Amino acid sequence: MSFEPSDLFGPLAKAEPATRTVPVLVPMPAPGPYSYGVPAGMAVVPGSIVQVPLGPRKVIGVVWDGEEAGKVEAAKLRPIEKLFDCPPLDEAMRRFIDWVAAYTLSPPGLVARMAMRTPAAFDPEPMIEGLRFTGHEPDKLTPARRKVLELSSDGLSWTKSGLAHAAGVSTSVIDGLAKQGLFETVFLPPPPLVAKPDPDYAPHRLAGPQEDAAEVIVDDVKAGGFSVSLIDGVTGSGKTEVYFEAIAETLKQGRQVLILLPEIALTTAFLERFHDRFGAKPGEWHSDLATRTREKVWRQTATGDIRVVAGARSALFLPFEDLGLIIVDEEHDPAFKQEDRVFYNARDMAVVRAHIAKIPVVLVSATPSVESQVNSYSGRYKRIHLPTRFADAAMPDLHLIDMRRHPPEKGGFLSPLMLRAMAKTLEKKEQSLLFLNRRGYAPLTLCRVCGHRFQCPQCSSWLVEHRFRGQIQCHQCGYAEPTPQACPECGTLDHLVACGPGVERIAEEVEKHFPEARTLVLSSDMGGVKRLRLELEAIAKGEADIIIGTQLVAKGHNFPLMTLVGIVDADIGLANGDPRAAERTFQLLSQVTGRAGRTGLKSHGLLQTYQPQHPVMMAIVSGDAGAFYEREITERERAVLPPYGRLVSMIVSADNRIDAETHARQLRMAAPAVTGIAILGPAEAPLALIRGRHRFRLLIHGRKTSDMQAFVRTMLERGPKPVRSIQVQVDVDPQSFL
DNA sequence: AGCACGCCGACT
DNA sequence: GTCGGCGTGCTC
């Protein structure tokens with residue numbers, strides 16, 4: 001090992017003074033870029049990815065544009081160490097980063113970091129060593145050598161291991177031949193990670209509403225420029241097939257496509273579906289990608305080798321070479337929202353990125369978020385409605401069961417109407433699904449003698465009995481202990497009573513009524529992924545009659561023989577403090593009931609509720625555009641959602657670092673007496689921004705639904721004016737927080 | 001965000 | 001006598 005003087009004396013030995021300085025965004029929460037010197041001969045431009053010294057360490061930064069804020073003292077100024085050999089972030093990407101930083105009130109350096117979270121991706125991938133047949137003769141021709149030569153005489157380049165594998169010989173055969181000069185070494189560019197998708201590989205034959213919908217978005221792609229469409233269609237209506245056509249058109253134009261999906265929807269099934277249509281898989285991007293693959297995807301997206309990326313929210317920050325279309329599937333999914341460091345919702349930022357890049361963006365959901373609904377009703381987004389299912393599959397008929405009129409028998413939780421429907425389904429040899437979003441046997445246990453309630457010692461939520469495991473567990477923090485026999489308060493034996501149903505208890509009730517039926521409980525705590533997959537396969541084969549499941553039955557899986565879906569407590573989840581409770585409940589129940597009837601069998605959904613008469617109004621107060629929006633709940637929603645007078649909406653605080661929605665949620669949890677919450681201004685923007693731009697001083701208004709209704713009506717009378725023009729009077733009642 | 005410096009408790 | 005907790009402060 002040899003040492004140069006500079007190794008000992010560091011920068012002192014550097015002779016070349018920096019000739020100019022440039023702003024560089026560093027991955028750190030500074031308010032703006034830092035200045036660095038550009039060594040003579042280094043050709044940096046805005047967007048160049050560089051390595052710079054920062055304090056004691058070296059970091060990756062990106063050369064920015066704009067004026068440098070102020071002059072730094074010459075003594076502080078340090079030079080850029082290295083310019084990476086990779087495409088610079090383009091103008092649109094840089095403006096996007098600036099925009100996101102401004103909107104989310106985040107330091108631009110941290111936003112830029114999201115676009116560069118791939119440690120070693122910035123140098124070109126090393127070339128691969130390959131071999132090419134030179135045409136010389138070997139000294140001896142053995143059978144193994146013959147096979148190798150047959151293959152390699154095509155004149156193409158082979159990798160050593162590839163050739164050995166193809167010829168069915170070991171690499172030493174090739175080494176031997178190479179020694180005699182039969183092969184020359186060539187350097188090959190690394191193979192692309194995925195093949196290029198072919199827009200004409202296997203087009204779907206679309207008809208009716210699907211065809212019309214596809215035409216609309218394909219036309220948007222053809223026209224070019226910014227547009228936002230919301231494809232809103234029930235489960236099984238062919239939304240994916242429709243947006244695949246827009247992808248095909250974009251590919252024909254030679255531009256790249258980004259498909260954003262919630263992490264859990266990014267499954268092999270989806271990738272295969274894409275492969276079936278385009279003959280190749282899309283590039284994948286998600287959090288648990290291997291580092292090496294991650295780097296390749298990043299780089300090949302930047303160079304344009306990858307044409308389509310399917311990814312979770314962070315894929316939005318990939319540096320596409322020529323992005324032509326963004327799809328946001330399951331746009332309502334809360335997983336698009338990031339709530340650490342930089343707070344952002346990838347769905348909304350996708351619209352921004354599309355706007356800056358002047359390209360179309362397509363939002364897709366069976367149950368669109370209130371924001372997207374508002375934007376589509378107000379004409380800001382184009383609405384594309386797919387009202388029917390593909391082929392002969394029909395949506396299940398939905399009915400509410402008023403539990404006050406059809407109560408369960410004592411000790412039970414299932415209405416006689418539900419049991420009758422289950423019996424009929426069983427007779428027809430079809431499957432029933434009972435949905436209850438509650439794991440375990442009972443959500444609360446108490447002592448009948450002294451009234452003691454079992455509470456978690458760590459976080460004070462109720463301990464849930466799991467009879468199957470003989471434990472009581474906290475679903476909040478994971479605390480668990482064996483189910484006690486005696487009350488810890490008064491010591492009385494055998495007087496503990498389980499309150500309310502969980503899936504295990506429903507299973508017990510079902511087994512009592514239908515002892516001959518094959519009953520199966522699907523719950524996330526009943527075994528691992530493997531077991532779940534086996535059980536799902538068994539169900540698909542008709543090896544179970546009645547399935548009782550928690551939330552995990554809602555997503556993705558198909559149950560071809562399922563013709564009855566029973567919702568045990570349709571109003572569960574409406575009672576908690578979440579301002580989005582009604583919206584979430586509707587989305588969840590839509591997904592669950594959407595499981596039935598997909599193979600054309602006549603199907604039903606029954607929803608048990610104790611609150612069928614609740615006032616019907618859903619007011620949505622939202623949006624940057626600031627329109628207040630109110631509509632009647634649709635018939636479909638009326639059946640799925642126990643009509644509820646919950647106002648989705650509202651406000652306020654001094655915490656500048658969290659967004660309005662998070663704050664509203666926290667506020668609502670802390671103050672259960674508050675009935676209504678309205679978010680005025682962009683729900684997911686930091687409050688400081690809302691307050692700064694929209695001049696908001698708004699607080700809780702009224703503890704009763706009627707107060708909130710009156711308040712919202714007043715706002716509605718003002719018409720759809722921009723939020724920023726409305727001055728809202730603060731109405732704080734400190735008592736309402738108690 | 002990292003990372004260093006810096007000042008007070010339980011241990012080889 | 002040291003190792004190590006995380007509280008402030010700085011990075012072009």
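Order of the sequence lines sets the chain letters (A, B, ...), proteins ahead of strands, with each chain counted from 1. In this text the structure is predicted, and so the values were computed from the model without any measurement.
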Rounded to whole Å, please give me the gap between OH in A:Y34 and C1' in C:dT11. 5 Å

Which part of the nucleic acid, if any, lies within contact of A:P107, taking any heavy atom under 4.0 Å across all strands shown: a base, the sugar-phosphate backbone alone, or nothing? nothing

From NZ of A:K58 across to P of B:dC3 the rounded distance in Å is 13 Å

Using the side-chain heavy atoms of A:P56, tell me which of these nucleotides is nearest: B:dC3, B:dA1, C:dC12. B:dC3

Which whole-number value in Å describes the distance from A:M28 CE to C:dC10 C1'? 8 Å

Quick test of your reading of the model: are A:R95 and A:D65 salt-bridged, counting only N-O distances below 4.0 Å? yes

Over how many whole Å does the gap from A:R78 atom CZ to C:dT11 atom P extend? 10 Å

Just by distance, no angles: are the side chains of A:N437 and A:Q551 close enough, under 3.5 Å, to form a donor-acceptor pair? yes

Using a 6.0 Å cut-off, check whether atom NE2 of A:H355 has over 12 heavy atoms from anything other than its own residue. no

Centroid-centroid distance, A:Y344 to A:F336, less than 6.0 Å: no

Starting from P on C:dT11, measure out to CZ on A:R113 and report it in whole angstrom. 20 Å

Whole angstroms only, please: what is the CE-C1' distance between A:M116 and B:dA1? 13 Å

Rounded to the nearest Å, what distance is computed from the CZ atom of residue A:R57 to the P atom of nucleotide B:dC3? 5 Å

To the nearest Å, how far apart are A:I60 CD1 and B:dG2 P? 13 Å

